[in-house]
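Read the structure below first, then the notes.
Since we're looking at a predicted model, the values are computed, not measured.
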Amino acid sequence: MFVGFSISKVESARHVPLDELVRYRNINVNYDINLRNPTIARSPGGDVLRVDFSVAINYLNPSIGFIRFEGFCDHAGGDNEKARAEWEAGHADPAIQNEIANNMVARIMPLAMLLSQSLSLPPVMPLPVINFQKAQEQQPGDKFDQYHA
């Protein structure tokens with residue numbers, strides 16, 4: 001179970017002047033997620049598996065900027081010492097890695113979106129496309145014209 005999260009470092013930059021940025025159309029957003037250095041940490045609820053992370057979001061082709069985060073995540077449950085030993089031996093439990101990575105990304109992406117907007121960089125993840133179209137006239141007998149009990 002994911003029980004703790006802390007960001008210790010945030011770094012970001014735009015490498016291209018704002019007036020030149022508009023001419024770049026096909027910018028690749030590359031994500032580099034690194035989980036490392038598993039340790040056992042003491043917490044009020046007991047021992048936890050603490051894993052350091054770094055997340056780099058790079059804007060490439062050409063390189064126009066980056067956003068980086070560093071910190072740690074805490075995971076509780078199961079045999080923490082065994083999980084740490086397996087991780088250090090190169091056999092980390094994929095379920096623990098996935099839980100940590102997905103929770104970490106869920107907390108970082110909103111911050112990355114704000115930073116990308118402040119730096120006038122493209123959004124770090126795709127935004128939904130809204131397309132208002134003229135509604136078609138509803139014909140009697142359409143499946144949503146009556147309430148069903």
Side-chain angles (χ1 to χ4, degrees), residues 1-45 48-78 80 83-145:
M1 170 177 26
F2 187 83
V3 295
F5 175 79
S6 177
I7 296 174
S8 58
K9 183 177 182 180
V10 178
E11 188 178 9
S12 60
R14 178 172 31 93
H15 304 305
V16 177
L18 192 55
D19 57 337
E20 289 182 29
L21 190 61
V22 295
R23 67 181 192 183
Y24 299 112
R25 295 283 176 219
N26 295 320
I27 298 168
N28 294 324
V29 181
N30 174 277
Y31 306 92
D32 182 22
I33 299 172
N34 187 357
L35 302 176
R36 64 186 183 285
N37 193 26
T39 59
I40 303 299
R42 305 266 185 247
S43 76
V48 295
L49 178 67
R50 179 164 289 173
V51 179
D52 293 340
F53 70 81
S54 64
V55 176
I57 303 165
N58 297 301
Y59 295 87
L60 304 171
N61 297 335
S63 178
I64 63 167
F66 69 90
I67 301 171
R68 291 191 190 111
F69 297 92
E70 291 183 9
F72 66 84
C73 298
D74 290 339
H75 184 273
N80 293 326
R84 184 195 60 77
E86 288 175 349
W87 197 307
E88 287 181 344
H91 305 291
D93 182 353
I96 293 174
Q97 285 182 313
N98 290 340
E99 185 178 359
I100 289 173
N102 285 309
N103 279 289
M104 174 195 59
V105 167
R107 287 171 166 76
I108 286 176
M109 282 303 153
L111 299 172
M113 289 293 284
L114 290 172
L115 287 170
S116 68
Q117 184 178 26
S118 297
L119 292 168
S120 297
L121 291 169
V124 296
M125 59 188 179
L127 297 175
V129 176
I130 309 300
N131 185 5
F132 290 105
Q133 295 179 356
K134 183 177 177 183
Q136 296 180 1
E137 295 293 324
Q138 187 176 14
Q139 300 296 321
D142 281 353
K143 65 180 183 177
F144 296 113
D145 67 344

inquiry  = Would you say that Cys73 contacts Asn103 through its side chain, given a criterion of any heavy-atom pair below 4.5 Å between the two side chains?
reply    = no
task = Report the residues that fulfil ring-ring contact (aromatic ring centres under 6.0 Å, His included) with Tyr59, sequence neighbours left out, ordered by chain and then residue number.
result = none
message = Which heavy atom of Pro122 sits nearest to which heavy atom of Ser116, and what is that distance?
response = O-CB, 3.5 Å
query = Can you tell if the side chain of Trp87 reaches within under 4.5 Å of the side chain of Gln97, non-hydrogen atoms only?
reply = yes
query = What residues form a ring-ring contact (aromatic ring centres under 6.0 Å, His included) with Tyr24, not counting sequence neighbours?
reply = none
All ring-ring contact (aromatic ring centres under 6.0 Å, His included) counterparts of Phe72, not counting sequence neighbours = none
query = Is any NZ, NE, NH1 or NH2 atom of the basic residue among Arg36 and Asp52 found under 4.0 Å from an Asp or Glu carboxylate oxygen of the other?
reply = no
query = Mind checking whether His15 and Ile64 have side chains closer than 4.5 Å, heavy atoms only?
reply = no
inquiry  = Can a donor-acceptor pair be found, under 3.5 Å and without considering hydrogens, that links the side chain of Ser12 to the backbone of Phe66?
reply    = no
query = Out of curiosity, Leu49 CG to Arg84 CZ, how far, rounded to the nearest 0.5 Å?
reply = 9.0 Å
query = Any donor-acceptor pair under 3.5 Å linking the side chain of Arg14 with the backbone of Leu119?
reply = yes
task = Just do the side-chain contact (heavy atoms from CB on, under 4.5 Å) check on Arg68 and Val10 with the steps written out, would you?
result = CA-CA 6 Å; Arg68 291 191 190 111; Val10 178; over 6 Å; no
request  = Check Ala112 against Ile67 and note the closest heavy-atom contact, atom names and distance.
outcome  = O-CD1, 3.7 Å
ask   = Just wondering, are more than 12 heavy atoms of other shown residues or ligands nearer than 6.0 Å to CD in Glu88?
value = yes
message = How long is the straight-line distance from CG of Asn80 back to NE2 of His75, given to the nearest 0.5 Å?
response = 8.0 Å
ask   = Stepwise, does the side-chain contact (heavy atoms from CB on, under 4.5 Å) test hold for Ile108 with Phe5?
value = CA-CA 10 Å; Ile108 286 176; Phe5 175 79; 4.0 Å; yes
query = Quick one: CG on Asn61 to CD1 on Ile27, what's the gap to the nearest 0.5 Å?
reply = 9.5 Å
inquiry  = To the closest 0.5 Å, what do you measure between NZ (Lys9) and CD (Glu70)?
reply    = 5.0 Å
request  = Look at atom CZ of Arg42 and say whether more than 12 heavy atoms of other residues, nucleotides or ligands are closer to it than 6.0 Å.
outcome  = no
request  = Could you grab the distance from atom OG of Ser54 to atom CG of Asp32, nearest 0.5 Å is fine?
outcome  = 6.5 Å
request  = Supply the atom-to-atom distance Ile33 CD1 to Phe53 CZ, rounded to the nearest 0.5 angstrom.
outcome  = 10.0 Å
task = With the side chain counted from C-beta on, respond yes when Val51 and Asn37 share a heavy-atom pair under 4.5 Å apart, and no when they do not.
result = no
key: Verdict with reasoning, Val48 to Ile40, per side-chain contact (heavy atoms from CB on, under 4.5 Å)   = CA-CA 6 Å; Val48 295; Ile40 303 299; over 6 Å; no
inquiry  = Can a donor-acceptor pair be found, under 3.5 Å and without considering hydrogens, that links the side chain of Asn58 to the backbone of Leu60?
reply    = no
